[in-house]
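A quick write-up on the structure given underneath.
Heavy-atom basis, side chains included; hydrogens, waters and symmetry copies ignored.
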Amino acid sequence: MRRLGRVFLSACLLWGLGLFVAGGGLADAVPEYFLLRAEAAVEVKPTPQLPQAVVRENFIQQATKAIQETMAERGDNRRYTVQAVNVPAGLRMPWGKVTYSYYLPNGIRKGLNTAVHINVLVDGRYYATMKCVMKVRIYENVVTAARRIQHEVPLRAEDLRIEEKEDKGQAYQRYTDINELLGKVLTSNIGEGTVLHSGLVREPILIRPYAVVNICTVFNGVEIKVPGTALETGRRGAYISVRNDSSGRKVRAKVIDENNVMVVQ
């Protein structure tokens, strides 16, 4: 009886999983490798009315070729991998020479599923469009943290290293050259292995309130400097309020370095 009970329970679980997959919830709860194996097990066989069949592997090959050509066209020579996520099991068709054309309606989507539409032609005539979903993972060598780094501490070469990481299409620019980051600081503390990007890195503080600075300006092609006092904290390239010590006038000036600010006329 126990054995019969276990068999019945297993059958119920498999039946329930089948209903769940049919209901559209498979992408969230069933591992991707299971879905791919289940899809590959489906076989589309020819019929007397449609005696020719194209199998799933052909569509995977065509979708991969489309992605390869797209990467080449845009001059992207980074390492990448292609994985089939959802590909039709096959297609029946009449006799004739089968050729393909394809396009990516949304281009290659980093970190997301990429749609590849494959047009199937028989003897040069359009027959069907097969919609494939592929996962493209693109990798590049980028700068990461070699150790835990505190914010506002100037970066040194020993704090950083180059690692290969997947490009998931983040909005911020990632760095590929350690030298670009030397002397800059972070906006927050980070751990080892964190990828450094433009949203995480900024210029260090060069000028603090009440620091003595030179207020520079150019008049008729001649550079003029007058002594002044900083009234705000300033990083390189930022505009801060400074006071002209001679006239007492307050102006906005761009931080050039630790000692100089520039008033743009």
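Under the side-chain contact (heavy atoms from CB on, under 4.5 Å) test applied with Ile240, the options Val255, Leu231, Val251 reduce to a single match, Val255. Of the residues Gln62, Glu69, His117, the one that meets the side chain to side chain donor-acceptor pair (under 3.5 Å) test with Tyr102 is Glu69.
Remark: Ser198 OG to Lys184 NZ distance equals 11.5 Å, nearest 0.5 Å. How far OH of Tyr126 is from CG of Asn119: 5.5 Å, rounded to the nearest 0.5 Å. Interatomic distance, Gln68 CD to Thr70 OG1, rounded to the nearest 0.5 Å: 10.0 Å. Rounded to the nearest 0.5 angstrom, Glu163 CD and Asn141 CG are separated by 9.5 Å. With rounding to the nearest 0.5 angstrom, the CG atom of Asn58 is 9.0 Å from the CD1 atom of Ile118. Distance check, rounded to the nearest 0.5 Å: CD1 of Ile67 to NZ of Lys135 gives 11.5 Å.
Here the shortest heavy-atom pairing between Ile190 and Ala145 reads CD1-CB, 3.7 Å. Val54 approaches Met93 most closely through the heavy-atom pair CG2-CE, 3.3 Å. The minimum heavy-atom distance between Val44 and Leu91, with the atom names listed, is CG1-N, 4.1 Å. Contact between Lys250 and Ser241 at its shortest, heavy atoms only, is CB-OG, 4.5 Å. The minimum heavy-atom distance linking Ile162 with Thr176 is given by the pair CD1-O, 3.7 Å. Pro154 and Asp159 get closest at one heavy-atom pair: O-OD2, 4.1 Å.
Taking 4.0 Å as the cut-off between side-chain N and carboxylate O, Arg78 and Glu140 count as a salt-bridged pair. Between Glu232 and Arg252, at least one side-chain N (NZ, or NE/NH1/NH2) sits under 4.0 Å from a carboxylate O, which counts as a salt bridge. Comment: Glu203 engages Arg236 in a salt bridge, judged by a side-chain N to carboxylate O separation of less than 4.0 angstrom.
Take Lys45 and apply the side-chain contact (heavy atoms from CB on, under 4.5 Å) test, not counting sequence neighbours, and it matches Glu43. Listed by chain and residue number, Thr81, Tyr139, Glu164 satisfy the side-chain contact (heavy atoms from CB on, under 4.5 Å) test with Arg79 (two or more places apart in sequence, or in another chain). Applying the side-chain contact (heavy atoms from CB on, under 4.5 Å) criterion to Lys168, with sequence neighbours excluded, gives Glu166, Gln170.
Remark: Arg125 CZ is loosely packed, at most 12 non-hydrogen atoms of other residues, nucleotides or ligands lying under 6.0 Å away. Counting heavy-atom neighbours within 6.0 Å of Arg161 CZ, excluding the residue itself, gives a total above 12.
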### Query
Under the side chain to side chain contact (heavy atoms under 4.5 Å, CB included) criterion, do Asp245 and Thr229 qualify, and how do the steps go?
CA-CA 7 Å; Asp245 290 344; Thr229 300; 3.0 Å; yes
### Task
For the pair Val153 and Gln150, evaluate side chain to side chain contact (heavy atoms under 4.5 Å, CB included) and give the outcome as yes or no after the intermediate values.
CA-CA 6 Å; Val153 176; Gln150 301 291 324; 3.8 Å; yes
### Query
Would Arg137 and Gln83 count as a side-chain hydrogen bond (donor to acceptor under 3.5 Å, both in side chains) if you check the C-alpha gap in whole Å, the side-chain angles of each, and the deciding distance to 0.1 Å?
CA-CA 8 Å; Arg137 291 185 169 89; Gln83 180 184 9; 3.3 Å; yes
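Screening residues 151-201 for ring pair (Phe, Tyr, Trp, His ring centres under 6.0 Å) gives Tyr172-His197 as the qualifying pairs, with residues at least two apart or on separate chains. For residues 96-114, every residue pair satisfying the salt bridge (Lys or Arg N to Asp or Glu O under 4.0 Å) rule, not counting sequence neighbours, is listed here: Lys110-Asp167.
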For a quick test of your reading: what N or O donor-acceptor pairs under 3.5 Å do the side chains of residues 205-222 make, sequence neighbours left out?
unit_1, atom_1, unit_2, atom_2, d
Asn214, ND2, Asn260, OD1, 3.1
Thr217, OG1, Val263, O, 3.4
Thr217, OG1, Gln265, NE2, 2.7

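No continuous path of ILVMFWY side-chain contacts below 4.5 Å connects Val55 to Phe59, so the two sit in separate hydrophobic clusters. When hydrophobic clusters are built by joining Ile, Leu, Val, Met, Phe, Trp and Tyr residues whose side-chain heavy atoms come closer than 4.5 Å, directly or via intermediates, Leu186 is not grouped with Val142. In the hydrophobic clustering of ILVMFWY residues, with side-chain heavy atoms under 4.5 Å counting as a link, Tyr127 and Tyr100 come out together. Hydrophobic clustering, with ILVMFWY side chains joined whenever heavy atoms are under 4.5 angstrom apart, groups Met130 together with Val122. Under the 4.5 Å side-chain heavy-atom criterion for grouping Ile, Leu, Val, Met, Phe, Trp and Tyr, Leu200 is connected to Leu160 within one hydrophobic cluster.
Judged by distance alone, with hydrogens and angles left aside, the side-chain atoms of Gln52 form a donor-acceptor pair with the main-chain N or O of Pro94 at under 3.5 Å. Counting only distance, with no hydrogens or angles, the side chain of Arg147 and the backbone of Glu158 share a donor-acceptor pair below 3.5 Å.
The side-chain heavy atoms of Leu196 and Arg174, taken from C-beta on, include no pair separated by under 4.5 Å. When side chains are defined from C-beta on, Asp123 does not count as touching Val98, because their heavy atoms never get closer than 4.5 Å. By the 4.5 Å heavy-atom criterion applied to side chains, Thr194 and Thr144 are not counted as neighbours. Counting heavy atoms from C-beta on, the side chains of Val85 and Met134 never come closer than 4.5 Å. The shortest distance between side-chain heavy atoms of Ile149 and Asn189 does not fall below 4.5 Å.
Thr114 and Asn106 are not linked by any side-chain donor-acceptor pair at a separation below 3.5 angstrom, with hydrogens and angles left out of the test.
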